[in-house]
Amino acid sequence: MAYKKKSAEASAEKTYFNIDGMTVTNCRVLSDNVLAFTLTGKGIGLYNLRVVDSKNGKFVGAPQSKGKDGNWYNQYALYLTDEDQKKIIEEVEKQLEL
C-alpha cells in the first residue's frame, strides 16, 4: 500500500491539538518569566511544557534543546488555539497560586 501525497495547499492547514479531557500537573517555577508543567491525557503525557511571559504576552511553548550550532530548537510542536492556551495558563497559575 502506498501513501497518497497531499497537495501543498492541503498540507498548509494547521490542525490544532484538542485539550478536552487533559490535565495540567507538576507545575513549577523555573525563573521569573518561565513556568513549567506537564499536560496529561488518555495515553499521552507532554512533559516540560512551558508558560513563558514575554514582552509580547504569555504563551505555551514546547521544551527545547540546544543544537551543536548554539541555536535552540523545539523538541516537538504543539498547536493550541488561543482559547486553549489561555485555559492552560490560567490553570498553571492557579495551581502555583500566582
Side-chain angles (χ1 to χ4, degrees):
M1 179 180 146
Y3 293 104
K4 187 174 181 178
K5 188 175 178 181
K6 293 181 181 180
S7 68
E9 185 178 303
S11 62
E13 185 178 324
K14 277 188 187 175
T15 301
Y16 290 93
F17 188 76
N18 186 345
I19 67 164
D20 292 341
M22 307 271 314
T23 306
V24 171
T25 60
N26 197 24
C27 301
R28 57 213 179 275
V29 177
L30 296 183
S31 69
D32 289 343
N33 63 337
V34 180
L35 310 173
F37 66 97
T38 300
L39 188 63
T40 58
K42 190 174 182 178
I44 190 168
L46 302 172
Y47 298 98
N48 291 319
L49 287 168
R50 296 181 170 17
V51 172
V52 179
D53 189 2
S54 72
K55 61 182 177 182
N56 297 324
K58 296 178 184 177
F59 66 92
V60 175
Q64 296 181 319
S65 56
K66 194 171 189 177
K68 291 181 181 181
D69 60 1
N71 293 322
W72 288 89
Y73 297 95
N74 289 339
Q75 293 179 356
Y76 52 85
L78 181 63
Y79 300 106
L80 299 168
T81 64
D82 291 341
E83 181 180 316
D84 284 347
Q85 278 200 75
K86 184 178 176 184
K87 287 180 191 176
I88 290 171
I89 292 167
E90 287 172 354
E91 181 62 25
V92 171
E93 290 176 343
K94 176 182 164 190
Q95 288 188 28
L96 291 171
E97 299 178 356
L98 299 176

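Hydrogens, waters and symmetry mates are skipped; everything else that's a heavy atom, side chains included, is used.
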| remark: Here the gap from I88 atom CD1 to L78 atom CG, rounded to the nearest 0.5 Å, amounts to 7.0 Å
| remark: To the nearest 0.5 Å, atom OG1 of T40 lies from atom CE of M22 at 6.0 Å
| How far does CG of L80 sit from CZ of F17, to the nearest 0.5 angstrom? | 7.5 Å
| query | Would L39 and V24 satisfy side-chain contact (heavy atoms from CB on, under 4.5 Å), going step by step from the backbone distance to the final call? | reply | CA-CA 5 Å; L39 188 63; V24 171; 4.0 Å; yes
| query | In this structure, are over 12 heavy atoms from other groups packed under 6.0 Å from Q75 atom CD? | reply | yes
| note | Applying salt bridge (Lys or Arg N to Asp or Glu O under 4.0 Å) to E93 and not counting sequence neighbours gives K58
| request: Working to the nearest 0.5 Å, report the span between CG of N33 and NZ of K55. | output: 12.5 Å
| task | Establish whether V51 and L96 are linked, either directly or via other cluster members, by ILVMFWY side-chain heavy-atom contacts under 4.5 Å. | result | yes
| Interatomic distance, L46 atom CG to F37 atom CZ [nearest 0.5 angstrom] | 8.5 Å
| task | Check whether more than 12 heavy atoms from other residues, nucleotides or ligands sit under 6.0 Å from atom CG of D69, and answer yes or no. | result | yes
| field | Cluster check V29, L49: I/L/V/M/F/W/Y, side chain < 4.5 angstrom | value | yes
| remark: For Y79, the hydrophobic cluster (side chain heavy atoms closer than 4.5 Å, chained through members) also holds Y16
| remark: Those residues at least two apart in sequence (or on a different chain) that pass side chain to side chain donor-acceptor pair (under 3.5 Å) with N26 are none
| All side chain to side chain donor-acceptor pair (under 3.5 Å) counterparts of E91, not counting sequence neighbours | Q95
| task | Could you walk me through whether K87 and E83 pass salt bridge (Lys or Arg N to Asp or Glu O under 4.0 Å), step by step? | result | CA-CA 6 Å; K87 287 180 191 176; E83 181 180 316; 3.5 Å; yes
| Greater than 12 external heavy atoms within 6.0 Å of N71's CG | yes
| said: Going by salt bridge (Lys or Arg N to Asp or Glu O under 4.0 Å), name the residues that satisfy it together with E97, two or more places apart in sequence or in a different chain. | reply: none
| Would V92 and I44 show up in the same hydrophobic cluster when neighbours are defined by side-chain heavy atoms closer than 4.5 Å? | yes
| Atom CG of D20 and atom CG of D84: how far apart are they, to the nearest 0.5 Å? | 7.0 Å
| message | Under 4.5 Å between side-chain heavy atoms, counting indirect links through other Ile/Leu/Val/Met/Phe/Trp/Tyr residues: same cluster for Y76 and Y73 or not? | response | no
| message | Who clusters with Y47? Use side-chain heavy atoms, under 4.5 angstrom, across I, L, V, M, F, W and Y, and order the result by chain and number. | response | none
| message | Does any part of the side chain of Q64, heavy atoms only, come nearer than 4.5 Å to the side chain of N48, both counted from C-beta? | response | no
| Closest approach of A62 and N74, non-hydrogen atoms and distance? | O-OD1, 4.0 Å
| task | Spell out, as yes or no, whether a donor-acceptor pair under 3.5 Å connects the side chain of Q85 to the backbone of V60. | result | yes
